[in-house]
Amino acid sequence: MKQSRALISDGHGGYEVQDISVGAPGPGEIRVQIRAAGLCHTDWDSIQNWKKRFVVGHEGAGLVDAVGEGVTRVAPGDAVILNWAIPCGTCFQCLEGFTHICEKNSPVCGEGLCGHAHAGATLEAGKPVERSFHLGTLSEYTVVREQAVVRLDVPMPFSSAAIVGCGVMTGWGSAVNAARVQAGSSVAVLGCGGVGLNVIQGAALSGAVTIVAIDLNESRLAQAREFGATHGVLAQREDPGYAHMKAQVADILGGRMADYAFECTAVPALGAAPLALVRSGGTAVQVSGIEQVVPFDCELFEWDKIYINPLYGQCNPQRDFPRILSLYQSGRLKLDELVTKTYTLDSVAQGFEDMLAGRIAKGVVLLGEGG
Ligand SMILES: [Zn+2]
Ligand SMILES: [Zn+2]
């Protein structure tokens with residue numbers, strides 16, 4: 001058993017740092033000493049809405065501390081990045097190549113123990129406690145399945161590695177894997193926070209020539225340009241029928257709307273907005289995971305428009321994380337610049353406050369030495 005400080009939420013809006021015990025890894029499992037954990041809007045939502053106790057956090061990177069029987073992919077001392085959609089490798093979806101929607105993991109069930117990482121691996125006052133997405137990265141130690149990590153072979157700060165596991169993957173993958181942005185194309189990106197900036201990076205690396213960033217905040221538009229946006233549109237808070245942003249995008253593109261548009265705001269009223277920004281036959285992508293009931297004008301789908309709602313940038317972690325890391329290593333994908341501010345477990349409230357106020361692209365909590 002390892003003693004570990006961890007951020008535990010009651011799922012009703014409360015959270016606090018508690019001491020937990022983390023057991024030895026069972027067969028096929030590994031214990032990770034977490035060194036950095038990214039903060040994500042999903043963490044905030046889960047703290048408000050999951051209505052049960054759990055260890056918070058689903059973005060993380062650290063060092064393998066111990067491995068269970070049969071583990072071959074990593075060894076103690078290896079640096080790793082965690083992934084929250086943990087594929088089984090044998091179900092229908094995994095065999096079809098869609099490991100992000102593995103049928104046996106149900107990554108977004110939010111119900112916790114789906115039989116992953118043995119019960120008792122994580123104890124709070126002697127009782128098992130669930131972990132966000134079977135990870136619980138806001139803890140000094142965690143036990144996860146071997147399939148929940150990718151080895152980190154590139155020299156880089158843990159703070160930059162941690163964010164690859166959700167925000168970077170979701171944005172970059174939505175452009176590269178899901179929309180498959182073509183060279184020479186035009187792209188509109190609505191919302192330039194951590195995920196939106198990575199859609200922009202993915203689109204730019206795919207060869208899009210015009211990338212229009214749209215945001216309510218001037219400073220975020222300026223940052224979007226540093227990540228590859230060619231144009232910026234200052235959005236209006238009230239914009240009936242998306243008329244303002246539509247006119248601005250049409251003006252920039254010389255009449256025809258964009259080939260691709262991505263929604264990265266999590267604002268329900270903007271769920272249909274990417275449809276308004278694409279040409280006939282264009283691809284509208286809802287990246288932010290809006291789940292509310294939203295009235296849609298079906299005319300927005302005319303003509304031949306495609307609307308997709310990819311999960312986790314259609315992540316295949318063993319394939320995609322190394323691609324992202326080699327782009328970073330070659331200087332073509334920015335990660336260090338995304339980490340606006342770092343925190344400790346004790347200052348995590350400030351991190352959530354900065355995130356919710358839109359003051360940071362990504363906030364990262366450092367654990368262990370330096371945390
Ligand atoms: Zn996330
Ligand atoms: Zn599977």
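In each ligand, atom 1 is the first atom listed, and ligand 1 is the first ligand listed.
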Item to check | the Zn ion (ligand 1): angle it makes with SG (C40) and SG (C166), nearest 10 degrees | outcome: 140°
Checklist entry - Under 6.0 Å from the CD atom of E337, do we count more than 12 heavy atoms belonging to anything else shown? => result yes
Next on the checklist: Are Y343 and L338 linked, directly or through intermediate hydrophobic residues, by side-chain heavy-atom contacts shorter than 4.5 Å (ILVMFWY only)?
Outcome noted: yes
Checklist entry - When you look at CD of E302, are more than 12 heavy atoms from neighbouring residues, nucleotides or ligands closer to it than 6.0 Å? => result yes
Checklist entry - Does atom CZ of R256 have more than 12 heavy-atom neighbours from other groups under 6.0 Å away? => result no
Checklist entry - For the Zn ion (ligand 1), does an N/O/S atom of H58 lie at less than 2.8 Å? => result yes
Next on the checklist: Only to 10 degrees, please: what angle do the SG atom of C91 and the SG atom of C102 make about the Zn ion (ligand 2)?
Outcome noted: 110°
